[in-house]
Amino acid sequence: MPVPTITTLLPHHSGDPFCLAPDGLCLQHPALAACPWLVHGFGLRNRVSRGQPPAGDSSFEQSGEDVKSLAIQNAFVASLAGKTMALVRLRQCHSDGVVCLDRFAPGNPPAEGDAIITRLSGLLLAVQVADCLPVLVVDRDKRILAAVHAGWRGLLAGVVPRTLAAMQSRYASDPRHCLAVIGPSIGPCCYEVGQDVALPFEAAFPHLPQLWRNFQPPGGDLSSGTRLSGAPPRARRMLDLSAACRCQLESAGLPAGSVFSHPPCTFCHREVFYSYRAEGGSSGRMLAAIGKIH
């Protein structure tokens with residue numbers, strides 16, 4: 001079966017110029033692909049390479065993951081790194097926890113946290129997502145890598161600035177030499193939130209109006225210009241998580257031109273990506289991974 005093109009998979013995407021990997025297993029970003037010493041990829045839903053994915057590998061065995069999902073994700077890792085790089089994942093918990101990996105022992109249980117940093121070669125850092133933001137960060141000068149899982153809880157907790165702060169304090173990384181790519185995640189076109197989420201974001205980002213899309217103030221209906229007689233007003237708050245993440249990255253010192261924050265929406269393209277919200281909380285997960293070859 002021929003590998004589809006990026007326009008076949010994402011015909012309506014007009015954001016960052018992601019490319020489809022040659023084997024069709026993941027999306028890649030040209031800013032990261034320009035670094036010849038690293039590999040990276042943002043996984044897709046139920047994509048397999050030409051031929052069958054490998055079977056019998058339990059690298060991804062977790063509660064809720066079936067044999068098919070394991071095989072698909074293992075094929076994704078093999079397409080990036082073959083058998084030459086060890087996969088490193090976390091026990092993600094929607095926190096601000098940052099793990100700095102200075103040594104690696106195969107077989108050790110995964111650490112708990114939502115961001116992982118290393119300067120080591122031969123490791124493939126990965127986070128799992130299905131609407132949350134996968135953020136891959138690289139210091140091109142010192143060759144420090146980070147993979148971050150950032151949902152709304154993690155963004156409010158500060159996992160992104162904590163990651164950049166750890167890169168600076170632990171490895172003397174300069175954010176001016178860093179670039180960051182936000183991978184496929186739920187967009188402001190689809191991410192409606194209630195007051196429990198809206199109010200904390202308003203407090204955390206008071207001067208960021210682009211955080212909100214299609215806001216309908218109480219007492220009005222922006223879609224029709226009228227309000228139904230007797231009907232209570234409905235305020236729709238459409239939150240742009242990527243805009244919040246961009247704000248945090250730039251506030252940490254990354255140049256604006258080195259932050260890529262317009263990924264495809266997982267909810268809009270649920271046939272291509274897993275979407276936790278679109279699938280009622282029962283979706284699978286996709287990997288976003290980055291690793292240093294040498």
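Hydrogens, waters and symmetry mates are skipped; everything else that's a heavy atom, side chains included, is used.
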| request: Test N108 against R103 for side chain to side chain contact (heavy atoms under 4.5 Å, CB included), laying out the working first. | output: CA-CA 11 Å; N108 281 356; R103 61 177 59 91; over 6 Å; no
Where do [X] and [Y] come nearest, in terms of heavy atoms and distance?
X: L156; Y: P200; value: CD1-CB, 3.7 Å
X: F76; Y: G41; value: CZ-O, 3.6 Å
X: S79; Y: D23; value: CB-OD2, 2.8 Å
X: A243; Y: L208; value: O-CD2, 3.9 Å
X: A150; Y: V160; value: CB-CG2, 4.3 Å
X: R140; Y: S258; value: NH2-OG, 3.5 Å

Is it possible for you to say whether [X] and [Y] belong to one hydrophobic cluster, with membership spreading through side-chain heavy-atom contacts below 4.5 Å?
X: V127; Y: V138; value: no
X: Y276; Y: M238; value: no
X: F260; Y: F273; value: yes

| query | Can a cation-pi geometry be assigned to R270 and Y274, taking NZ or CZ under 6.0 Å from the six-membered ring centre and within 45° of the ring axis? | reply | no
| request: Under the ring pair (Phe, Tyr, Trp, His ring centres under 6.0 Å) rule, collect the residues that match up with H94, sequence neighbours excluded. | output: H149
| said: Going by ring pair (Phe, Tyr, Trp, His ring centres under 6.0 Å), name the residues that satisfy it together with F18, two or more places apart in sequence or in a different chain. | reply: H29, F42
For residues [X] and [Y], determine if any side-chain heavy atom of one lies less than 4.5 Å from a side-chain heavy atom of the other.
X: D114; Y: L90; result: no
X: W152; Y: D131; result: no
X: T5; Y: L20; result: no
X: R143; Y: R119; result: no
X: H40; Y: L145; result: no
X: Q210; Y: D240; result: no
X: M286; Y: T266; result: yes
X: L199; Y: E202; result: yes

| message | Taking atom CZ as the centre, does F205 end up with more than 12 heavy-atom neighbours from other residues, nucleotides or ligands that are less than 6.0 angstrom away? | response | yes
| request: May I ask you to check whether over 12 heavy atoms, not counting those of R277, lie within 6.0 Å of atom CZ? | output: yes
Just how far is it from atom [atom1] of [X] to atom [atom2] of [Y], taken to the nearest 0.5 Å?
X: L25; Y: L287; atom1: CG; atom2: CG; result: 11.5 Å
X: M85; Y: L80; atom1: CE; atom2: CG; result: 8.5 Å
X: I290; Y: L136; atom1: CD1; atom2: CG; result: 5.0 Å
X: I6; Y: C19; atom1: CD1; atom2: SG; result: 7.0 Å
X: M167; Y: I144; atom1: CE; atom2: CD1; result: 6.5 Å

Using atom types as modelled and distance alone, determine if a side-chain donor or acceptor of [X] lies under 3.5 Å from a backbone N or O of [Y].
X: R170; Y: Q168; result: no
X: R91; Y: P110; result: yes
X: R285; Y: Q128; result: no

Give the table of side-chain donor-acceptor pairs shorter than 3.5 Å for residues 175-189, with sequence neighbours excluded, one pair per line with atom names and distance.
{"residue": "R176", "atom": "NE", "partner": "D174", "partner atom": "OD1", "Å": "3.2"}
{"residue": "R176", "atom": "NE", "partner": "D174", "partner atom": "OD2", "Å": "3.2"}
{"residue": "R176", "atom": "NH2", "partner": "D174", "partner atom": "OD2", "Å": "2.8"}
{"residue": "S185", "atom": "OG", "partner": "G183", "partner atom": "O", "Å": "3.0"}

